[in-house]
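Comments concern the structure below.
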Amino acid sequence: MRKPPKTIGREETSFALSLIVSFGYSNGDSVPFQLSQPLTVPLRYFYPNSLCSQSMNDKSRHSTGQRKTNCIQMKTHKPISPFRLSSLLRLQKDPKLAFQLFLNPNPSSSKPPKPFRYSLLSYDLIISKLGRAKMFDEMEEILHQLKQETRFAPHEVIFCNVISFYGRARLPDRAFQVFDKIPSFRCKRTVKSANSLLDALLKCREFEKMAEVFVGIGNYGSPDACTFNILIHAACLCGDLDAAWDVFDEMQKRGVKPNVVTFGTMIYGLSLNFKLKEALRLKEDMVRVYMISPNASIYATLIKGLCGVGELNWAFKLKEEMVTNKVKLDSAIYSTLISALFKHGRKEEVSDILGEMEENGCKPDTVTYNAMINGHCQENDLESAQRLLDEMMAKGCKPDVISFNTIIRGLCKEGKWDKAKDLLEDMPRRGCPPDVVSYRILFDGLCEMLQLKEATSILDEMIFKGHVPRTESINKLVDRLCQGCNMELLWMVLKSLGRGNGMTVDTWARVVAFVCKEKLSEASNLIDSLIS
DNA sequence: ATAGGGTTAG
């Protein structure tokens, strides 16, 4: 395959070479796991519930009343078996309750408890649940317990998951620690956990550490397609497409065949860097040279890229190509197209697309609705946006935080700060608590509309909930309060900020400068009055 | 869930 001409002068160009040429890889020092105290909360309040929902699934022949009795009988007479614990863990949506259930499967038994023979599956389930919920102290506690088990050795995939949880949480050191400790669980490390570590480091943007891991990967096996795909992804995110092509060539030199993910990643990188022509050519070459057909995600990437450079008609042609090639159109494709139609002032065509989705049996999902909500908000049509929010709820499609944030921003833009505030306050009731972004949008909006009193009170609320506004926004508010000599609100803002550790040097400097100026003018006034 | 796609935001 023909490589594109090299561009020079980029710092990241050395990316791939540094990966391949660098020397020595040393294991990080082992650090003991942090343990938290096991919780001892009575469990009987939620047990019957879990058991009932289980027996409902069992298509019980009994009436509801009898079913209830069954639950209670099971609770009082039959202790939970390791097998049953796994199915209960699967059903328990709340990670906190699942954690307590795991620690104490049979709380009601009065006899001294025999050691519970946990199954490997139940470890797997609870660890994944806690990891997804970012309850890392609890997860480490379970890992510690798993390490003591002598009946079996855990599978490597558990550690792969744990490493990727830490990667997603941007905790690269923790990811490293887990990787180092795998052997102490009597589990062998292969290229799989090394790949997980590489990917976790990528998510943390720790490119140098990635290079170290890659250099030492031979200790765990030969790098496979997955390894190289992660490296390609890293190079693409650095904007270093030359490096990406280098890895692409290098893997083949080492006898590793690119797969559909490799091409997807390359095409993603090219599109991300606005090299649509090259991306489209690679899509042709993967079929012609490598005999691998593009899948729906590759089409989604290309369609998004084409829409991004205004080539909507070309994007629609690709959608038709999918039909010809019998690649199933999914909601991601339609969401991208709908979003593009709004952006290019062609919203009249959206209803056609929705009709086509319906014909193809493809239901609009949350992302599709969000694209439309955003489209209406961009056009300052907040009524339509709010109507869509209600419609999706009515159709059983759960709005997410993005749905709400988009509308809150739209309302702020329209100057309807009280409605924006109402919507934010209504979010918990609608099953979607506001996040940092929700608060930041509202806070910025209130400052913009000079609703400084409201802004101050929202600031206090968000800090109370552990969310910090952007420094620029704080400074803007502080400046405005200084300008207006609003000492009362300024004082409240400083109090809130102090509580949340939200004061930066910059903010302090502003306040100090203001106070000094005030004092200074007070002083000069005093002098003036003395002189005269 | 060892690697890849779509909506927002800042």
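Convention: sequence-line order gives letters A, B, ...; per-chain numbering from 1.
The nearest whole Å value for the distance from the NZ atom in A/K476 to the C1' atom in B/dG10 is 12 Å. When rounded to the nearest whole Å, the span between NZ of A/K413 and C1' of B/dT8 equals 12 Å. The separation between A/I303 atom CD1 and B/dG6 atom C1' is 10 Å, rounded to whole Å. A/I163 has its CD1 atom 11 Å from the P atom of B/dA3, to the nearest Å. Rounded to an integer number of Å, the gap from CG of A/L197 to C1' of B/dA1 is 16 Å. Protein atom CD1 of A/I158 is 14 Å distant from nucleotide atom C1' of B/dT2, rounded to whole Å. Straight-line distance from the CG atom of A/L306 to the P atom of B/dG6: 13 Å, rounded to whole Å. Atoms CE (A/M210) and P (B/dA3) sit 12 Å apart, rounded to a whole Å.
Between A/F136 and A/Y166, the angle of the ring planes lies from 30° to 60°, which puts this pair in the tilted group. Between A/H467 and A/Y439, the ring planes are tilted. Angles from 30° to 60° get that label. Between A/F152 and A/Y123, the ring planes are perpendicular. Angles over 60° get that label, and only those under 30° would be called parallel.
The closest side-chain heavy-atom distance from A/L354 to A/M372 is below 4.5 Å. For the pair A/V260/A/I298, a side-chain contact is recorded, criterion being any heavy-atom separation below 4.5 Å from C-beta on. Counting only heavy atoms from C-beta outward, the side chains of A/K317 and A/E320 never approach each other to under 4.5 Å.
Comparing the C1' positions of B/dA3 and B/dT7 gives an interatomic distance of 23 Å, to the nearest angstrom. B/dA1 and B/dG5 have their P atoms separated by 15 Å, given to the nearest Å.
Residue A/T301 is classed as a sugar-phosphate contact, given heavy-atom separations below 4.0 Å to backbone atoms only. If you check every strand for non-hydrogen atoms under 4.0 Å, A/V157 touches sugar and phosphate atoms only. Among the heavy atoms of the strands lying under 4.0 Å from A/S331 is at least one base atom, whether or not backbone atoms are also near. As judged by a 4.0 angstrom heavy-atom cut-off over every strand, A/S196 is placed among residues touching the sugar-phosphate backbone only. Nucleic acid contact for A/D400: none, since no nucleic acid atom lies under 4.0 Å from a heavy atom of the residue.
Cation-pi check for A/K147 over A/F185 is met; the charged atom lies under 6.0 angstrom from the ring centroid and within 45 degrees of its normal. Judged by a 6.0 Å distance limit and a 45° cone about the ring axis, A/R430 is not positioned over the six-membered ring of A/F404.
At the phosphate of B/dA9, OP1 or OP2 sits under 4.0 Å from a side-chain N or O atom of A/R409. Regarding contacts with the backbone of B/dT2, a side-chain N or O of A/N161 is found under 4.0 angstrom from either OP1 or OP2. Phosphate proximity of B/dT7 to A/K304: present, with a side-chain N or O under 4.0 Å from OP1 or OP2.
Between the side chain of A/R440 and the backbone N or O of A/V468 there is at least one donor-acceptor pair closer than 3.5 Å. Judged purely by atom type and a 3.5 angstrom limit, A/R186 has no side-chain atom pairing as donor or acceptor with the backbone of A/P183. At distances below 3.5 Å, at least one donor-acceptor pair connects side-chain atoms of A/T336 with backbone N or O atoms of A/A332.
Checking B/dT2, B/dG6, B/dG5 against every side-chain atom of A/A296, the shortest atom distance belongs to B/dG5. Checking B/dA1, B/dA9, B/dG6 against the side-chain heavy atoms of A/R132 singles out B/dA1 as nearest. Across B/dG5, B/dT7, B/dA3, the shortest atom-to-atom separation from the side chain of A/N229 is found for B/dA3. Of the candidates B/dT2, B/dA9, B/dA3, B/dA3 carries the atom nearest the A/N259 side chain, counting heavy atoms from C-beta on. The listed nucleotides are B/dG6, B/dT7, B/dT2; the one nearest the side chain of A/I402 is B/dT7.
DNA chain B is contacted by A/N374 of residues 373-389 of chain A, taking any non-hydrogen atom closer than 4.0 Å. Residues from residues 337-369 of chain A that place a heavy atom under 4.0 Å from any atom of DNA chain B, listed by number: A/K343, A/D365, A/V367.
Side-chain to base pairing of A/D444 with B/dG10: no donor and acceptor N or O lie closer than 3.5 Å to each other.
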